[in-house]
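Structure, as structure tokens:
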Amino acid sequence: MAQKPAIPKGTRDFLPAEVAKRTYLFDTIKKVFRRYGFAPIETPSFELSTTLLGKYGEEGDRLIFRILNSGEKMRKADLEALAQDNLPRFANSLAEKALRYDLTVPFARFVVQHQNELNFPFKRYQIQPVWRADRPQHGRYQEFYQCDVDVVGSDSLLYEVELIQIFDEVLTNLQLPGFVIQINNRKILSGIAEVCGVAERIVDLTVAIDKLDKIGEQGVLDELAQKGFTETTLQQIKPLFDFKGSNTDKINLLRNYLANSEVGQKGLDELTYVLDTVAQLGLQRGQLDFEITLARGLNYYTGAIFEVKALDVKMGSICGGGRYDDLTALLGLKNLSGVGISFGADRIYDVLTELNLFPAELELSLDVLFVNFGEATLAQNLHLLKKTRAQGLAAEIYPSAAKLQKQLKYANDRKVRYVVMMGEEELLQDQLTLKEMESGLQQKLSQAELLTKFEQLS
RNA sequence: GAGGUUGUAGCUCAGUUGGUUAGAGCGUCGGAUUGUGGUUCCGAAGGUCGCGGGUUCGAGACCCGUCUUCCUCCCCA
């Protein structure tokens with residue numbers, strides 16, 4: 001009966017010390033977002049299933065958490081579909097709502113719905129949890145926060161540049177020592193598919209190429225062969241494996257390789273512009289790499305694709321993003337291009353923890369503790385406590401006149417900076433004892449002197 | 001969704017081929033004569049051995065199921 005309570009797999013509780021770190025992380029991110037002119041919005045944690053389904057590809061649909069219909073709505077269950085073993089249709093009839101899978105699709109819905117209330121280009125940021133019915137692993141959770149910035153209503157490549165600057169600024173501000181911002185362009189990938197004569201199979205092609213790092217050239221070829229790509233196609237793909245060197249080297253090789261692909265050339269133009277502009281402006285700690293094999297990213301990307309990886313840690317991508325030209329069209333609003341990126345807060349948290357990069361002062365939760373010496377001195381302590389709080393310091397008084405030893409141990413555990421001791425001894429001399437916990441030094445002060453000192457702190 | 005792996009006090013882990021009241025370190029709490037923490041000394045509390053079945057005279061150890069952990073795929077932040 002009295003079983004130990006538990007939480008679902010892939011979810012976590014956050015203790016005060018963890019929340020302090022997460023707040024620091026979110027605040028650092030928000031500060032940069034605001035500086036680039038983005039304003040926050042929020043959307044519901046669950047959407048209508050029809051809004052989400054079909055936007056993330058087949059795999060994506062599988063990972064969407066569905067919310068079971070309740071009450072009378074359960075009667076809507078499509079038993080016929082079940083009888084026919086059509087599980088997807090049956091599932092849809094059981095759940096007309098679902099937890100959001102990311103923040104981009106709900107944002108697209110938001111834009112379509114509020115198009116007449118928004119000014120374009122519309123720049124928004126959004127920091128909220130998302131849910132995925134994934135199998136948990138290191139750095140993969142079923143509930144995690146994404147921090148998204150997106151612009152819709154402009155196809156200007158200046159926004160690609162701006163978003164790269166945001167990657168660089170946020171991660172630099174978080175003191176991350178090294179990270180690579182990988183960039184590619186969906187149009188280049190389309191060009192490759194076109195040149196190889198498999199334009200309609202771009203997804204299978206790019207998904208396989210994306211694994212080059214992991215499974216090697218032969219692995220990629222094997223996977224493609226297995227998926228039914230012909231030997232001729234494989235031969236046309238092979239040269240790509242040798243496209244190495246600097247960003248410009250790779251672009252030059254592709255210029256030639258994609259000579260007969262209009263869309264491919266367009267992709268290279270876009271990429272070149274972005275790379276050149278960023279190079280002129282310079283980055284702080286980030287390194288911007290054109291990665292031909294970068295193909296991931298959801299199906300709805302149409303232009304630039306981004307992915308960021310932290311150096312020296314075993315962790316998947318910590319950020320992602322890209323341009324999507326047709327996402328709002330799926331929801332009924334055409335000709336509205338958008339581009340955006342997402343910071344994976346929980347993964348970044350894990351990286352910062354592993355590299356020990358959180359500022360130490362985040363642990364300080366209480367500035368001042370007043371020792372409780374009992375009824376006789378309580379009123380005067382409470383008044384001084386009130387004045388201390390009025391100065392903006394976090395202060396409290398111990399709830400009972402426990403032994404001094406215990407009260408100081410509490411102060412120590414709470415990592416309190418100062419302890420004020422104002423008992424009968426001190427009050428007789430119209431003084432108090434201020435103890436600085438870290439050094440252990442104590443001094444006698446008047447109440448006025450104490451408040452003057454505190455004023456300088458806050 | 002596929003395959004593998006893990007689960008013993010709050011935490012990190014011991015626990016011999018199944019055999020008496022399941023242990024340690026750390027942490028927590030209490031104490032070491034009057035108002036001084038982080039170091040030391042003494043003491044105490046705390047475990048349905050993830051959960052549910054089964055095998056056995058007997059199971060923390062073996063079997064099955066289930067949940068969870070971590071890993072490899074798939075996919076992704």
Side-chain angles (χ1 to χ4, degrees), chain A residues 1-12 15 29 56-64 87-88 91 101-104 127-148 167 203 207-208 210-211 214-215 219 223 294-299 301 305-310 314-322 341-351 369 371-374 377 398 401-427 432-442:
Chain A
M1 168 73 196
Q3 270 192 344
K4 275 189 186 174
I7 54 176
K9 66 179 171 188
T11 65
R12 295 145 300 155
L15 276 58
I29 292 172
Y56 309 104
E58 249 176 78
E59 284 303 315
D61 281 2
R62 201 193 76 206
L63 299 176
I64 293 174
L87 293 181
Y101 174 91
D102 71 358
L103 300 177
T104 308
I127 297 179
Q128 289 191 279
V130 302
W131 294 269
R132 294 186 187 176
D134 209 354
R135 188 157 296 201
Q137 262 180 61
H138 177 62
R140 328 184 90 180
Y141 304 99
Q142 293 207 331
E143 178 183 62
F144 61 96
Y145 273 73
Q146 288 194 328
C147 313
D148 275 34
F167 275 141
V203 173
V207 164
D210 183 61
K211 294 179 190 163
K214 214 175 204 170
I215 60 180
E223 177 163 332
L294 173 62
R296 300 184 176 203
L298 290 326
N299 284 348
Y301 291 130
I305 328 173
F306 304 109
E307 195 163 293
V308 179
K309 288 188 174 133
K314 200 179 162 225
M315 177 65 78
S317 55
I318 54 175
C319 308
I341 57 174
S342 181
F343 289 78
D346 300 83
R347 283 192 177 175
I348 295 171
Y349 179 96
D350 289 347
V351 169
L369 178 76
V371 170
N372 187 327
F373 285 103
T377 57
Y398 198 82
K403 293 176 66 170
L404 224 209
Q405 183 177 231
K406 187 164 180 174
Q407 300 196 40
L408 283 175
K409 180 168 159 41
Y410 174 78
N412 196 57
D413 294 343
R414 285 286 305 269
K415 298 190 168 67
V416 172
R417 198 165 162 197
Y418 292 107
V419 168
V420 171
M421 289 178 277
M422 189 164 65
E424 292 179 51
E425 282 174 27
E426 284 86 359
L427 280 173
L432 54 85
T433 302
L434 177 68
K435 183 182 178 84
E436 189 185 354
M437 289 301 282
E438 199 181 326
S439 62
L441 295 178
Q442 301 189 175

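The sequence lines fix the lettering, A, B, ..., with proteins before strands; numbering per chain opens at 1.
Rounded to the nearest Å, the gap between the P atom of C73(B) and that of U68(B) is 22 Å. For the C1' atoms, the distance linking U12(B) with U17(B) amounts to 28 Å, nearest Å. As rounded to the nearest Å, A44(B) and U36(B) have P atoms that lie 26 Å from one another. When the C1' atom is used for both C51(B) and A45(B), the distance is 26 Å, rounded to whole Å. Between G38(B) and G47(B), the distance separating the two C1' atoms is 31 Å to the nearest Å.
Across Arg132(A), Arg12(A), Arg140(A), a single residue satisfies salt bridge (charged side-chain N to carboxylate O under 4.0 Å, His left out) together with Asp346(A), and that is Arg12(A).
Separating the CZ atom of Arg132(A) from the C1' atom of G1(B) is a distance of 16 Å, rounded to the nearest angstrom. Put simply, CG on Asp350(A) is 11 Å from C1' on A77(B), counting in whole angstrom units. Between the C1' atom of C76(B) and the CD atom of Gln142(A) lies a distance of 13 Å, rounded to the nearest Å. One interatomic measurement links the two molecules: CD of Glu59(A) to P of A77(B), which rounds to 14 Å at whole-angstrom precision. A77(B) atom C1' lies 14 Å from atom CD1 of Ile127(A), rounded to whole Å.
Residue Lys415(A) is classed as having no contact, given no heavy-atom separation below 4.0 Å to the nucleic acid. Ser317(A) comes within 4.0 angstrom of the backbone, heavy atoms only, and of no base. Residue contacts for Lys211(A): at a heavy-atom cut-off of 4.0 Å it reaches the sugar-phosphate backbone alone, with no base atom in range. Nucleic acid contact class of Gly139(A) (heavy atoms, under 4.0 Å, all strands): base. Residue-level contact check: Val130(A) touches neither bases nor backbone, having no heavy atom under 4.0 Å from any strand.
Base pairing of U34(B): no nucleotide in any strand meets the Watson-Crick or G-U wobble criterion (both distances under 3.5 Å). Under the Watson-Crick and G-U wobble criteria, each requiring two contacts below 3.5 Å, nucleotide G23(B) is paired to C13(B). With a 3.5 Å ceiling on both atom-pair distances, U39(B) lacks any Watson-Crick or G-U wobble partner. Under the Watson-Crick or G-U wobble criterion, with both distances below 3.5 Å, U66(B) is paired with G50(B). Base pairing of U72(B) is made with A2(B), judged by Watson-Crick or G-U wobble geometry with both donor-acceptor distances under 3.5 Å.
Taking the six-membered ring where the residue is Trp, Tyr56(A) and Tyr101(A) present tilted rings, their angle falling between 30° and 60°.
Nearest heavy atoms, Asn372(A) versus Tyr398(A): ND2-O, 2.9 Å.
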Check nucleotides 67-70 of chain B against the protein and report each pair of N or O atoms closer than 3.5 Å, with its distance, or say if there are none.
residue	atom	partner	partner atom	Å
U69(B)	OP1	Gly10(A)	N	3.1

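For U72(B), neither phosphate oxygen OP1 nor OP2 lies less than 4.0 angstrom from any side-chain nitrogen or oxygen of Lys214(A).
Side-chain N/O atoms of Thr11(A) and Glu143(A) include no donor and acceptor closer than 3.5 Å.
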**Report entry** Contact letters for nucleotides 33-44 of chain B, in which S counts primed atoms plus P, OP1 and OP2 and B counts the base, heavy atoms under 4.0 Å
**Finding:** --BBBB------
